[in-house]
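Here's the structure we're looking at; comments come further down.
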Number of protein chains: 2
Amino acid sequence: MTLLRDEGLTAEELAVWRMLQRAQVRITRHLEAELLVAHDLPLASYEVLMQLAEAPGRRLRMNDLAGRVLLSRSGLTRLIDRLQRYGLVSREACADDARGLFAVLTDAGAARLAEATPTYLRGIKTQFLDLLGSGEITRVRGMLAKLDATGSA
Amino acid sequence: MTLLRDEGLTAEELAVWRMLQRAQVRITRHLEAELLVAHDLPLASYEVLMQLAEAPGRRLRMNDLAGRVLLSRSGLTRLIDRLQRYGLVSREACADDARGLFAVLTDAGAARLAEATPTYLRGIKTQFLDLLGSGEITRVRGMLAKLDATGSA
DNA sequence: TCCTGTTAGATGTCTGTGCAACAACGTCCT
DNA sequence: AGGACGTTGTTGCACAGACATCTAACAGGA
């Protein structure tokens, strides 16, 4: 593993990165599967509904929303297409910017979200939080905050 | 956020999960992009080559490999197809199980891996490790180990 | 030996996503 | 005003990945 030293990385550091990867993928897969079987709702769709529910007026600009759910604009266009087909979301024009569109959570969407939320939260609890000590959760929070670029770029 | 309390989750706990998601996605995207522009090598391909390089005899059974890179068996079949087309990997029969196949790292594959590794490691360093204090890395290691199911299921 | 059940890997098909290109609109500067 | 430039959202295209299904091959019992 000479290459590691060349770049100033220890084997332990590399292992930490791999564990982060594995953990995140495992949890994500679990959530996706559970939401799908129990509510026929993919994880990405759930997250869109969740973001909209938390937003003022239950609405968000497409671009803004894309950033929050970590999707490209085109990806979000298609996802909203689907959600709209199912009546969970609607599109509304933006008054002060004719280019803009709001994705708006419908009542049906809110209902569907409420239905799926216990599954989602239980998954996060059993697959993530319960595996950590509660003390560790607070400590990891600060750590992840540094990694999360929400505040900066 | 009554629903949170119903499931025994605090808003902070949920926030931690979201940060984990964002961090992992951000880092992954960065690595993928860098590897692609600098070496025309997708992240998944890099990880396959890396796993093979670390394995004894530079070879791994398809099934085994699929597990390590968190890919479905069919997904790995296609990925190895591609790598084989580019000459980075070859398939070899398994002596003691006629069903089995080894994916074997070729010399060209090893060379390509060596070429790309500095990019990969630098990405992990700048996008992940450098953002944490070095003290935190050690502490987070134990924590992530609990989340990583490698040892169990 | 045959029959049943399981496992390894490959393939058809479908869905989801990103990138590049585009049109419509806004912003700013002169 | 007018034109260059950036932004917003959508589309064509290509591709990667999952699931279900298939074939070949192993394992164990009657």
Side-chain angles (χ1 to χ4, degrees), chain A residues 21 24-26 28-37 40-49 52 59-86 88-104, chain B residues 21 24-26 28-37 40-49 52 59-86 88-104:
Chain A
Q21 257 188 316
Q24 204 273 345
V25 169
R26 193 181 53 76
T28 295
R29 297 241 173 113
H30 179 89
L31 285 177
E32 172 93 34
E34 293 270 306
L35 285 172
L36 230 38
V37 304
D40 195 33
L41 198 66
L43 180 57
S45 299
Y46 178 86
E47 282 170 347
V48 162
L49 299 183
L52 290 177
R59 74 192 52 220
L60 242 26
R61 290 285 295 269
M62 294 293 285
N63 205 7
D64 190 357
L65 184 53
R68 300 192 192 217
V69 298
L70 303 171
L71 226 58
S72 69
R73 288 194 219 39
S74 72
L76 183 64
T77 293
R78 271 61 179 279
L79 180 47
I80 294 294
D81 284 349
R82 275 167 260 152
L83 294 176
Q84 194 171 23
R85 244 196 309 285
Y86 300 143
L88 306 180
V89 155
S90 65
R91 277 183 237 241
E92 289 186 20
C94 180
D96 47 309
D97 187 342
R99 295 168 303 180
L101 277 184
F102 284 107
V104 186
Chain B
Q21 261 188 314
Q24 205 274 343
V25 169
R26 192 181 54 75
T28 295
R29 297 242 173 112
H30 179 90
L31 286 177
E32 172 92 34
E34 292 270 304
L35 284 172
L36 230 38
V37 305
D40 195 33
L41 199 64
L43 180 56
S45 299
Y46 178 86
E47 282 171 348
V48 162
L49 298 183
L52 290 177
R59 72 192 54 219
L60 240 26
R61 291 285 294 268
M62 293 294 284
N63 205 4
D64 190 356
L65 184 53
R68 300 193 191 215
V69 298
L70 303 171
L71 226 58
S72 69
R73 283 197 262 305
S74 73
L76 183 65
T77 293
R78 268 62 181 273
L79 180 48
I80 294 295
D81 284 349
R82 274 169 260 152
L83 294 177
Q84 194 171 22
R85 243 196 309 285
Y86 299 144
L88 307 180
V89 155
S90 65
R91 278 183 238 242
E92 290 187 18
C94 180
D96 47 311
D97 186 344
R99 295 169 301 180
L101 277 184
F102 284 107
V104 187

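By convention in this document, chain letters (A, B, ...) are assigned in the order of the sequence lines, proteins followed by strands, and residues within each chain are numbered from 1.
Going from atom CG of B:Asp64 over to atom C1' of C:dG9 covers 14 Å, rounded to whole Å. With rounding to whole Å, B:Leu60 atom CG is found 14 Å from C:dA8 atom C1'. Atom-to-atom, CG of B:Leu31 to C1' of C:dG18 comes out at 17 Å; the value is rounded to the nearest Å. Rounded to an integer number of Å, the gap from B:Arg29 CZ to C:dC19 P is 8 Å. For B:Leu76 and C:dA8, the CG to P distance is 13 Å, given to the nearest whole Å. To the nearest angstrom, P of C:dA10 lies 13 Å from CG of B:Leu83.
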Can you check side chain to side chain donor-acceptor pair (under 3.5 Å) on A:Thr28 and A:Gln24, steps first, answer last?
CA-CA 6 Å; A:Thr28 295; A:Gln24 204 273 345; 3.2 Å; yes
Check the pair A:Leu76, A:Val48 against side chain to side chain contact (heavy atoms under 4.5 Å, CB included), reporting the backbone distance first and the verdict last.
CA-CA 9 Å; A:Leu76 183 64; A:Val48 162; 4.2 Å; yes
B:Asp64 and B:Arg68: salt bridge (charged side-chain N to carboxylate O under 4.0 Å, His left out), yes or no, with the steps?
CA-CA 7 Å; B:Asp64 190 356; B:Arg68 300 193 191 215; 3.1 Å; yes
Verify side chain to side chain contact (heavy atoms under 4.5 Å, CB included) between B:Leu65 and B:Ile80, making sure each step is shown before the conclusion.
CA-CA 10 Å; B:Leu65 184 53; B:Ile80 294 295; 4.1 Å; yes
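The minimum heavy-atom distance linking A:Gly100 with A:Arg61 is given by the pair CA-NH2, 3.3 Å. Taking all atoms of both residues into account, the shortest heavy-atom contact from B:Leu79 to B:Ser45 is CD1-OG, 3.4 Å. B:Leu52 and B:Ala103 make their closest contact through CD2-O, 3.3 Å (heavy atoms, listed as atom of the first residue, atom of the second, distance). What you find for A:Phe102 and A:Arg59 is that their closest heavy atoms are CD2-CG, 3.7 Å. B:Leu70 approaches A:Arg29 most closely through the heavy-atom pair O-NH2, 2.9 Å.
A:Ala66 comes within 4.0 angstrom of nothing in the nucleic acid, heavy atoms only.
Within the 4.5 Å cutoff, the side chain of A:Leu49 has heavy atoms near those of the A:Leu41 side chain. Residues B:Leu35 and B:Pro42 have side chains not in contact (no heavy-atom distance under 4.5 Å, counting atoms from C-beta outward).
Residues of residues 90-100 of chain A that place a heavy atom closer than 4.0 Å to DNA chain D, in numerical order, are A:Arg91, A:Arg99, A:Gly100.
Side-chain N/O atoms of A:Ser72 and base N/O atoms of C:dC19 include no donor-acceptor pair closer than 3.5 Å.
Once you apply a 4.0 Å limit to the heavy atoms of chain B, the touched nucleotides of DNA chain D run 5' to 3' over D:dA16 to D:dC26.
Here A:Arg78 does not reach the OP1 or OP2 of C:dT17: none of its side-chain N or O atoms lies under 4.0 Å away. Applying the 4.0 Å criterion to OP1 and OP2 of C:dT17, one finds that A:Arg82 has a side-chain N or O inside that range.
Toward the 5′ end of DNA chain D lies the nearest nucleotide of A:Arg73, the other residue of the pair B:Leu79 and A:Arg73 mapping further downstream. Both B:Asp81 and A:Leu70 sit near DNA chain C, but only B:Asp81 has its closest nucleotide nearer the 5' end.
Using five terminal pairs a side, the axes of the helix from C:dT1-D:dA30 to C:dT30-D:dA1 at its two ends make an angle of 20°, given in steps of 10 degrees.
The structure places CD of A:Gln21 at 6.5 Å from CG of B:Leu43, a figure rounded to the nearest 0.5 Å.
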